[in-house]
Participant: 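Sharing a structure below in structure tokens format, with a few things to ask.
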Amino acid sequence: IGIVNIFSHLNPAFPRNEMTFLHTMTNQLASNLGRLKLSKKNENSRISSLIQSMKEGVLMFDENENLKVINPTAKKILNFDKSRSLSNETLKKKLYEMNLLDMYSEVTQNKKEILNHKIGIKDKTFSVNISPVRSSTTNKEGTLILFNDISELQKADIIKTEQLNV
């Protein structure tokens, strides 16, 4: 994790009990830092598992507009091969085709979210939310795009409307 170096021209510079104390403290510090690092890694793993298993499509971009996260649902919605890696250019072209690129750019620049924008993809309807996200550790902003399939809700609304009209 790191190195602690103590140097002195005097011999002996430090009494034996102080060196023993310093040695104990550095070992405890190294041990605690190692546990902290492992804890952070486990937390990131849980968050990643959560995002990967969501039924909503999730795209997350960093402050430089580079794709950082795309879950399997988003790949399916956007019709991307699960095994193929995605370039930012390919993804932005897809967002442009779906009339979402301008909204994405607006959110990235103005830092104001766009909620419940409805789009049709094939035979499904999605509610799209585009939101700025701020990292708590680096304080840098990225952007989140969330696709929620509302096709079944819309079908239910149509049925209710038809029943009310009868």
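Numbers for residues simply follow the sequence, beginning at 1.
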Participant: Quick one: NZ on Lys118 to CG on Asn148, what's the gap to the nearest 0.5 Å?
Facilitator: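 Result: 10.0 Å between the selected atoms.
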Participant: How about Glu89: does its CD atom have over 12 heavy atoms from other parts shown lying under 6.0 Å from it?
Facilitator: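 Atom CD in Glu89 is not packed in, count stays at 12 or less.
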Participant: Take Leu100 and Ile119 through the test side chain to side chain contact (heavy atoms under 4.5 Å, CB included) and record every step on the way to the result.
Facilitator: CA-CA 9 Å; Leu100 293 175; Ile119 62 167; 4.0 Å; yes
Participant: Please list all pairs meeting ring pair (Phe, Tyr, Trp, His ring centres under 6.0 Å) that have one or both residues in residues 30-73, counting only residues at least two apart or in different chains.
Facilitator: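 Listed by first then second residue: Phe61-Tyr104.
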Participant: Counting N and O atoms only, with roles assigned by atom type, does the side chain of Thr125 sit under 3.5 Å from a partner on the main chain of Gly120, one being a donor and the other an acceptor?
Facilitator: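 Looks like no, no N/O pair under 3.5 Å.
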Participant: Check the surroundings of atom NZ in Lys111: do more than 12 heavy atoms from other residues, nucleotides or ligands lie under 6.0 Å from it?
Facilitator: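 Count over threshold, so yes.
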Participant: Can any side-chain N or O of Thr143 pair as donor or acceptor with the backbone N or O of Met60 at less than 3.5 Å?
Facilitator: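 Side chain of Thr143 to backbone of Met60, a donor-acceptor pair under 3.5 Å: no, none is there.
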Participant: So, for Ile121 and Met98, which heavy atoms are closest and what is the spacing to 0.1 Å?
Facilitator: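 Scanning both residues completely, I find the closest heavy atoms to be CD1-CE, 3.1 Å.
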Participant: Examine Phe147 and Leu153 and state if one hydrophobic cluster contains both, with Ile, Leu, Val, Met, Phe, Trp and Tyr joined whenever side-chain heavy atoms are less than 4.5 Å apart.
Facilitator: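 They do not share one cluster, since no chain of ILVMFWY contacts under 4.5 Å joins Phe147 to Leu153.
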Participant: Do Glu43 and Ile47 make a side-chain contact, defined as non-hydrogen atoms from C-beta onward lying under 4.5 Å apart?
Facilitator: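 Glu43 vs Ile47: side chains touch.
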Participant: Glu141 versus Val133: any side-chain heavy-atom pair under 4.5 Å?
Facilitator: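 Of all side-chain heavy-atom pairs linking Val133 with Glu141, none is under 4.5 Å.
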Participant: Begin with the C-alpha distance, continue with both residues' side-chain angles, and end with the deciding distance and a verdict on side chain to side chain contact (heavy atoms under 4.5 Å, CB included) for Glu56 and Thr73.
Facilitator: CA-CA 6 Å; Glu56 292 85 4; Thr73 306; 5.8 Å; no
Participant: For His117, does the NE2 atom have more than 12 heavy-atom neighbours from other residues, nucleotides or ligands under 6.0 Å away?
Facilitator: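 Above 12, so yes.
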Participant: Hydrophobic clustering (ILVMFWY, side-chain heavy atoms < 4.5 Å, transitive) - are Leu50 and Ile70 grouped together?
Facilitator: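 No.
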Participant: Would you say the side-chain atoms of Asn71 pair up with the backbone N or O of Val58, donor to acceptor, closer than 3.5 Å?
Facilitator: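 Looks like yes, one N/O pair under 3.5 Å.
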Participant: Between Asn32 and Leu36, is there a side-chain heavy-atom distance shorter than 4.5 Å?
Facilitator: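 They are not in contact (no side-chain heavy atoms under 4.5 Å apart), so the answer is no.
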Participant: Is any NZ, NE, NH1 or NH2 atom of the basic residue among Glu106 and Lys112 found under 4.0 Å from an Asp or Glu carboxylate oxygen of the other?
Facilitator: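 No salt bridge links Glu106 with Lys112.
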Participant: Output yes when a side-chain donor or acceptor of Ser49 lies under 3.5 Å from a complementary backbone atom of Ser45, and no otherwise.
Facilitator: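 Yes.
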Participant: Could you check if a side-chain atom of Lys37 sits within less than 4.5 angstrom of a side-chain atom of Lys41, using non-hydrogen atoms only?
Facilitator: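 Sidechains of Lys41 and Lys37: no contact.
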Participant: With a 4.5 Å cut-off on side-chain heavy atoms, are Leu146 and Met54 touching?
Facilitator: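 Yes, close enough: below the 4.5 Å cut-off.
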Participant: Using a distance-only test with no angle check, is there a side-chain donor-acceptor pair under 3.5 angstrom linking Asn88 and Asn66?
Facilitator: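 Asn66 and Asn88 do have a side-chain donor-acceptor pair below 3.5 Å.
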Participant: Under 3.5 Å, is there a donor on one side chain and an acceptor on the other for Ser127 and Asn116?
Facilitator: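 Yes.
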Participant: Begin with the C-alpha distance, continue with both residues' side-chain angles, and end with the deciding distance and a verdict on side chain to side chain contact (heavy atoms under 4.5 Å, CB included) for Ile130 and Leu144.
Facilitator: CA-CA 6 Å; Ile130 307 175; Leu144 174 75; over 6 Å; no
Participant: List the steps and the verdict of side chain to side chain contact (heavy atoms under 4.5 Å, CB included) for Val107 and Glu113.
Facilitator: CA-CA 6 Å; Val107 169; Glu113 62 188 358; 5.5 Å; no
Participant: Is the backbone N or O of Leu86 less than 3.5 Å from a side-chain atom of Thr90, with the two atoms forming a donor-acceptor pair by type?
Facilitator: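 Side chain of Thr90 to backbone of Leu86: no pair is present.
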Participant: Among the clusters formed by ILVMFWY side chains lying less than 4.5 Å apart, do Ile114 and Leu101 turn up in the same one?
Facilitator: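 Result: yes, single cluster for both.
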Participant: Does any pair with a residue in residues 122-146 pass ring pair (Phe, Tyr, Trp, His ring centres under 6.0 Å), and if so which ones, sequence neighbours excluded?
Facilitator: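 For residues 122-146: none.
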Participant: In Å, rounded to the nearest 0.5 Å, how long is the span from CG of Asn44 to CZ of Arg46?
Facilitator: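 The distance works out to 9.5 Å.
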Participant: What's the separation between atom CG in Asn129 and atom CE in Met103, rounded to the nearest 0.5 Å?
Facilitator: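 One finds 11.0 Å between CG of Asn129 and CE of Met103.
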Participant: Return the CG to CG distance between Asn17 and Leu22, rounded to the nearest 0.5 Å.
Facilitator: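 Here the interatomic distance stands at 11.5 Å.
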Participant: Taking all atoms of both residues into account, what is the closest heavy-atom pair of Ala74 and Leu59, and its distance?
Facilitator: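 Taking Ala74 first and Leu59 second, the nearest heavy atoms are CB-CD2, 4.2 Å.
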Participant: Please confirm whether the backbone N or O of Leu78 pairs with a side-chain atom of Lys94, one donor and one acceptor, at under 3.5 Å?
Facilitator: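 Flag set: sc Lys94 to bb Leu78 pair under 3.5 Å.
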Participant: For the residue pair Thr20 and Arg16, confirm or rule out a side-chain donor-acceptor distance under 3.5 Å.
Facilitator: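 Short answer, no.
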Participant: Under a 3.5 Å threshold, yes or no: a donor from one side chain and an acceptor from the other, between Ser151 and Asp149?
Facilitator: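 Looking only at side-chain atoms, Asp149 and Ser151 do form a donor-acceptor pair, the distance falling under 3.5 Å.
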